[in-house]
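Read the structure below first, then the notes.
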Amino acid sequence: MSSSSNTIETFANQEYKWGFVTDIAADTIPRGLSEDVVRLISAKKNEPEWLLEWRLKAFRHWQTMTEPTWANVHYPKIDYQDIIYYSSPKAKKDGPKSLDDVDPELLKTYEKLGIPLQERAILAGVAVDAVFDSVSVATTFKAKLKDMGIIFGSFSEAVQEHPELVRKYLGSVVPTSDNFFAALNSAVFSDGSFCYVPKGVRCPMELSTYFRINAKDTGQFERTLIVADEGAYVSYLEGCTAPMRDTNQLHAAVVELVALDNAQIKYSTVQNWYPGDKEGKGGIYNFVTKRGACRGVNSKISWTQVETGSAITWKYPSCLLIGDNSVGEFYSVALTNNYQQADTGTKMIHIGKNTTSTIVSKGISAGHGQNTYRGGVKILKSATGARNYSQCDSMLLGDQCGAHTFPYLEVKNTSSQVEHEASTSKIGEDQIFYCRQRGISTEDAVSMIVHGFCKEVFKELPMEFAVEAQKLLGVSLEGSVG
Amino acid sequence: MSLLEIKDLHAKVGEREILRGIDLTINPGEVHAIMGPNGSGKSTLAQVLAGRELYVVTSGEVIYEGQDLLAMSPEDRARAGIFLAFQYPVEIPGVSNMYFLKAALNTVRKSRGIEELDAFDFLSLVKEKMKLMEMDQTLLNRPVNTGFSGGEKKRNEIFQMAVLEPRLAILDETDSGLDIDALRTVAGGVNALRDPERSMIVVTHYQRLLNYIVPDFVHVLSEGRIVKSGGKELALELEESGYSGFEDEEEAVGKV
């Protein structure tokens with residue numbers, strides 16, 4: 001009857017824009033997982049013996065583990081033998097040496113995604129490492145960064161060129177036995193990004209990785225490792241998309257960050273994996289382990305995430321605050337629409353003296369979406385003078401969705417200070433009408449209200465990303481009010 | 001030509017018919033007061049004119065500036081110059097009053113082909129209008145109506161009206177919840193906005209407001225119909241006798 005419900009229809013029917021499939025020759029191994037598959041992956045990547053051993057250890061441990069069930073998400077049992085663990089675009093001989101060697105089809109894909117893969121994108125000030133299915137395809141600005149001593153590129157390359165660094169830090173924040181999905185990742189990870197910023201260097205541009213799952217029935221298991229040496233600074237962005245498929249695909253990544261004395265790492269994610277259709281069919285299972293260690297004094301790690309995609313998100317970017325005066329931050333916007341489910345939050349472990357952490361979580365639920373914040377703040381006996389501030393806000397659009405909050409607090413000394421605030425609000429038909437009566441359209445009203453709600457998180461994102469995130473949120477949301 | 005013409009308007013919410021044949025003509029510059037007991041349909045009329053979808057118009061028509069008002073979306077009505085001062089202004093957390101009003105004003109301007117105001121011009125316009133409403137400037141930076149007192153909310157509505165400069169303002173129980181000082185300020189703001197080109201519909205339960213905003217016409221609404229119309233003295237009459245007489249009259253009409 002009303003124009004507003006028409007608008008809502010239009011937006012609800014909006015297609016996932018990133019759902020195309022690239023027709024490209026791929027080197028894909030058979031389905032299933034065994035020691036042989038682990039060996040095969042390692043061999044394909046020409047890895048040193050120690051890394052194969054590391055993988056096998058992880059695999060053997062994984063076999064003894066059971067999939068966690070404590071998260072507030074529901075999905076049919078995953079058949080781990082029905083997944084393809086390695087797929088890569090067929091490369092000419094030894095893989096691309098420069099952008100000219102990259103398959104033009106692939107470049108077209110990245111162009112569609114709007115990634116500035118060409119060097120001319122220097123204007124955009126973003127260096128991109130692009131991971132397509134399992135393999136890192138091209139890294140821009142490599143030479144420029146190299147001049148400053150910054151190592152940025154694919155994980156596989158780092159294994160070949162900087163084995164000592166990889167060996168020193170790999171698994172040092174997220175051990176192979178950490179959890180079911182981290183163990184799986186450790187066994188079969190295929191590629192990812194590696195970044196090392198040397199002492200005293202401030203990385204002058206945003207570093208960025210773009211992940212894309214293209215091949216069917218493929219799992220993506222990338223591994224990212226970022227090390228900021230003493231006094232270094234780096235800001236890192238991560239974006240993700242996948243084609244629309246009616247089967248679920250598994251994405252189990254591990255990200256490890258290490259910040260030494262006075263170093264700072266800012267890690268921002270805009271996660272837009274395919275969320276499934278309106279009936280909840282298909283979509284990515286995003287089961288990710290992200291953790292940063294503030295090892296040095298005065299070090300700082302900030303996680304900022306905007307999670308709008310995936311059928312299921314299971315993700316807790318955390319900080320180990322080991323160095324005295326170190327700082328951990330977590331800023332999150334998680335949106336669930338249609339039948340999406342998210343169980344996400346953070347863990348802040350205070351170990352050093354006078355460590356501080358800030359948690360700002362904004363959950364938005366629409367349609368039949370279920371959104372859970374799960375956060376842990378642990379202050380150990382050694383962490384005298386530690387402080388934490390947590391704020392968890394939930395917003396509901398419509399009456400079919402749900403918001404849940406599970407904050408866990410564990411304080412073991414008396415000199416610490418912990419604050420927690422939480423709120424739940426609802427975008428009401430009355431708010432929308434109020435805006436429309438002032439001349440503002442329904443879609444602008446929704447976006448205005450939601451942006452108001454997410455403001456504190458968006459301001460933490462690098463400029464270009466903030467704009468992108470706002471648009472994405474708009475597309476993911478509109479059509480959910482009624 | 002009249003600004004607004006309501007003909008035999010019927011509207012329901014759910015299965016309940018609330019407006020049962022309203023006829024009303026408003027000319028440019030006129031101020032019409034709509035009075036009546038609780039549940040008589042006063043607020044429903046205000047909401048129907050603004051386009052609230054909760055209410056379904058079952059028959060009748062409304063012509064605004066020669067156009068079929070009922071065919072227009074709420075935002076198009078607003079852009080065409082219809083302003084509703086809400087009885088219960090809505091809170092929008094996280095969105096500053098200033099940002100909201102600028103978005104509203106610029107949408108309205110854009111739809112009329114007038115250039116949008118930049119932040120500087122907007123600020124000077126707003127400052128001028130704030131003086132009119134004796135409003136505290138800090139309210140501009142606070143989220144829309146969030147944590148405002150009842151009086152601040154009502155004042156904020158009239159302030160928005162002053163900025164948006166509508167052709168037809170509908171004031172829905174703007175006096176409710178105001179003490180006498182706040183009432184005077186709000187009424188002062190409304191009076192300052194009276195203009196030969198601007199019409200107003202003032203919906204109120206009490207005569208009190210009409211001491212400050214003196215109407216050209218008063219209509220008494222009862223059970224979804226206008227049962228009596230007159231000049232400003234009709235309001236005083238109501239003050240004396242209450243609404244009971246009209247409910248009787250309404251019943252009597254029903255029996256004829």
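Letters go in sequence order (proteins before strands), and every chain restarts at 1. Being a predicted model, the structure only gives us computed values, none of them experimental.
Of the two parts of B:Phe100, the backbone and the side chain both hold a non-hydrogen atom closer than 4.5 Å to a non-hydrogen atom of chain A. For a residue to count as touching a neighbouring chain, one of its non-hydrogen atoms must lie under 4.5 Å from one of that chain's; by this rule B:Gln160 touches chain A with the side chain only. For B:Leu164, the part lying under 4.5 angstrom from a heavy atom of chain A is the side chain only. Interface residue B:Asn145: only side-chain heavy atoms are found under 4.5 Å from chain A. Interface residue B:Ile82: backbone and side-chain heavy atoms are both found under 4.5 Å from chain A. Residue B:Arg77: no heavy atom, backbone or side chain, is found under 4.5 Å from chain A. With a 4.5 Å cut-off on non-hydrogen atoms, B:Pro89 touches chain A through its backbone and its side chain both. In this structure, the portions of A:Cys435 lying under 4.5 Å from any heavy atom of chain B include both its backbone and its side chain.
Using cut-offs of 30° and 60° for the angle between ring planes, the A:Tyr339 and A:His368 rings count as parallel. A perpendicular orientation is assigned to the rings of A:Trp314 and A:Tyr316, their planes being inclined by more than 60° (bins at 30° and 60°).
A:Gln271 pairs in a side chain to side chain donor-acceptor pair (under 3.5 Å) with only one of the listed residues (A:Glu238, A:Glu307, A:Gln305, A:Lys315), which is A:Glu307.
Remark: the A:Glu456 side chain and the A:Tyr331 side chain contain no N/O donor-acceptor pair separated by less than 3.5 Å. A donor-acceptor pair shorter than 3.5 Å can be found between the side chains of A:Arg436 and A:Thr442.
Other residues, nucleotides and ligands contribute more than 12 heavy atoms inside 6.0 Å of the CZ atom of B:Arg112.
Heavy-atom pairs under 4.5 Å with chain A were tallied for B:Val95, B:Asn106, B:Leu84; the largest tally goes to B:Leu84. For the options A:Ala445, A:Gly452, A:Gly439, heavy-atom pairs under 4.5 Å to chain B are most numerous at A:Gly439. Contact count against chain A (heavy-atom pairs under 4.5 Å) is highest for B:Ile92 among B:Asp76, B:Val108, B:Leu105, B:Ile92.
Looking at every heavy atom in both residues, A:Ala334 comes nearest to A:Thr344 through CB-CG2, 3.9 Å.
Salt bridge status for B:Lys12 with B:Glu17: absent, with no side-chain N to carboxylate O gap under 4.0 Å.
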